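Here is how names work: the chains are called A, B, and so on, in the same order as the sequence lines, proteins then strands, and each is numbered from 1. As the structure is a computational prediction, the values presented were derived from the model and not from experiment. In what follows, every heavy atom counts, from backbone to side chain, and hydrogens, waters and symmetry copies are set aside.
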Amino acid sequence: MAKIGVFDLSVRYGKLTALSDLSFTMPEGERLFISGPNGAGKSSLLGAISGAVRAAHGRIEMDGEILSGLGPEQIARRGLSMVPEGRRIFASLSVRENLMVGTGLRRDESAVADDLEAVFTAFPILRERANAPAGALSGGQQQMLAISRALMTNPKVMMVDEPSLGLAPKVVDEVYDRLCELQKLRGLTLVIVEQSSARAARVGGRMLLMRGGRIVADGDAAEFAAGDLLTEAYFGDPA
Amino acid sequence: MITQHQIRRRMAATTPLLLSLLILAFVVAAVTLGDRATARMASETLIRVTLVVGFWIFAGNSGVISFGHAAFACVGAYVSAWTTLNPMMKGTLLPGLPAALAELHWPVLPAAITGGLVAAALALVSGAAILRLSGIAASIASFAFLAMINTIWANWTPVTGGTSSVVGLARYITPWVALGWAVSAIVIASVYAASASGLALRATREDEVAAAASGIDQYRHRLLAYTVSAFFCGVGGALMGHFIGVINPDGFYLDLTFLMLAMLVVGGIGSLSGAVVGVLAVSLAVEALVRLEKGITLGATTFALPPGSQEILIAIAMILVLVFRPTGLMAGREIMLPARWVVGRGTSQDRPETDRR
């Protein structure tokens, strides 16, 4: 059974079609990059899966359970966690409070403490700044915090929208290193929106190339970087 | 070995204690140093602490400004009047009261608690509709709610007495009674703020989308805070009624709404300490100006401010706070003991921490 299944998904904003009849499935533990030019529908796809954007029609499943129609908080509680674009952390709350927000509905208190310890071990800077307001962290640290906060909900699937946005290349490397480590450690299924296909190729994984609300190519990220598909997606005739 | 987190929690636990001591010191000073008028001012100030701290439980944690909380005070005051007034008086003043209510002659404490509970029940029902809206839309709906309650109370003459006042409420409020309720409000407010629901609500205040992505049901937490908040505003209203002895619907309308808002803004909406400090600061400033309006005598000359200057000067002070310190006097900080005090001397090597919420 596929971990995530998307079938004939369409999203419209008024008259504008953001996604049209899009389908794909992904197995558990996979790393999937979603790439494509601006307006391709990448964020709409993540939004629809996480419940923040309402689908016009189509079906989204996780482990065979239908997610379509649920609110974002209900989907988050089923183990699908979203790291929104632009590092939307809770700026005036402390770093620790940011992390604890995601655990509000978990009853397994000792596991929460273990997870917090695991996050602090993975990101020592967060332990160091645990009581500082999150808004005082640097951009890269805020991205780590946003990812850690999503981890604290104990997700099976994590979706990260443009983790490299507005960060220095060196910091982006670090973010990806950590993401990959965490995925290996916890067996996460990972969906990442990444503008740079070169970066996706370097990190490695499967890649969906989107354009005009459709998937125009689906394959190994490393092969994309070499081929013409990318040029086609960005500069070719609209599909 | 004591962790940073434990230190931090102990520090946070000192906030309600210190705030309670602050208002206790205020009462002791007012009672021992001042005259009767000062003692009354102290009672009134502490009733406002109950109201504004109640208001803060919702507005401070959710970041949604409610204009409807004076309505809860109105309901609390009338419930207390309905349950405590002498049945004979009720027969003449409020002929339309249902027989079950008209016969009641309760002691004041259960009446105040019931006033709070009825206000909370009303909040649960009205909030179920209002809190589905977000941001400014919720604020405007809460204002509509205030206007509705005021209109109903002003026109439901057989039950509420309409615009003519209900008189004869037992005047039992001493500074100590008011202190008891103010401390209760502070304790419950800090317990709520430290709870999982309080944290969740503050997260929605910072970013609704990210909060939902973290699995937070914003509506549920808002409704809980709104209900708890209305309880203390209801109690505060009951206390106001028994403090003056006379109530009418306009005593719980725009003036009270803006006074509560002003106090919260001056003190800083971002922290519980801000709510308490705001009430004290505004109340003391008003009191000082009122006395200056009456005139103070220095030797042979009497110096007095022209009547009405109190309102103008308070408004100017508020503008100055908004311009120079837009986050209020406390700027989102809580009053708490420093780390070395809660750890015990000599054992702490920890650096001082920031105390922002």
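Of the atoms belonging to A:Ala91, heavy atoms from both backbone and side chain fall under 4.5 Å from chain B. Within the 4.5 angstrom heavy-atom criterion, atoms from both the backbone and the side chain of A:Met100 approach chain B. Of the two parts of B:Ala212, the backbone and the side chain both hold a non-hydrogen atom closer than 4.5 Å to a non-hydrogen atom of chain A.
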Output, in order, the C-alpha distance, side-chain angles, deciding distance and verdict of side chain to side chain contact (heavy atoms under 4.5 Å, CB included) for A:Glu73 and B:Gln218. CA-CA 9 Å; A:Glu73 73 281 352; B:Gln218 164 175 301; over 6 Å; no
Show, in sequence, the C-alpha distance, side-chain angles and deciding distance for B:Leu199 and A:Leu93, and conclude whether the side chain to side chain contact (heavy atoms under 4.5 Å, CB included) test is met. CA-CA 9 Å; B:Leu199 176 59; A:Leu93 303 191; 3.9 Å; yes
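Across all their heavy atoms, B:Ser214 and A:Phe90 have their closest contact at OG-CZ, 4.4 Å.
Side-chain contact check for A:Glu85 versus B:Val209: every heavy-atom pair is 4.5 Å or farther apart. By the 4.5 Å heavy-atom criterion applied to side chains, B:Arg202 and A:Glu97 are counted as neighbours.
Atom OG1 of A:Thr153 is separated from atom CD1 of B:Ile216 by 11.0 Å, given to the nearest 0.5 angstrom. Here the CG-CD1 distance, from A:Asn131 to B:Ile7, works out to 9.0 Å after rounding to the nearest 0.5 Å.
Checking A:Ser92 against B:Arg205 by side-chain atom types alone, a donor-acceptor pair falls below 3.5 Å.
With salt bridges taken as basic N to acidic carboxylate O contacts below 4.0 Å, none links A:Arg88 and B:Glu206.
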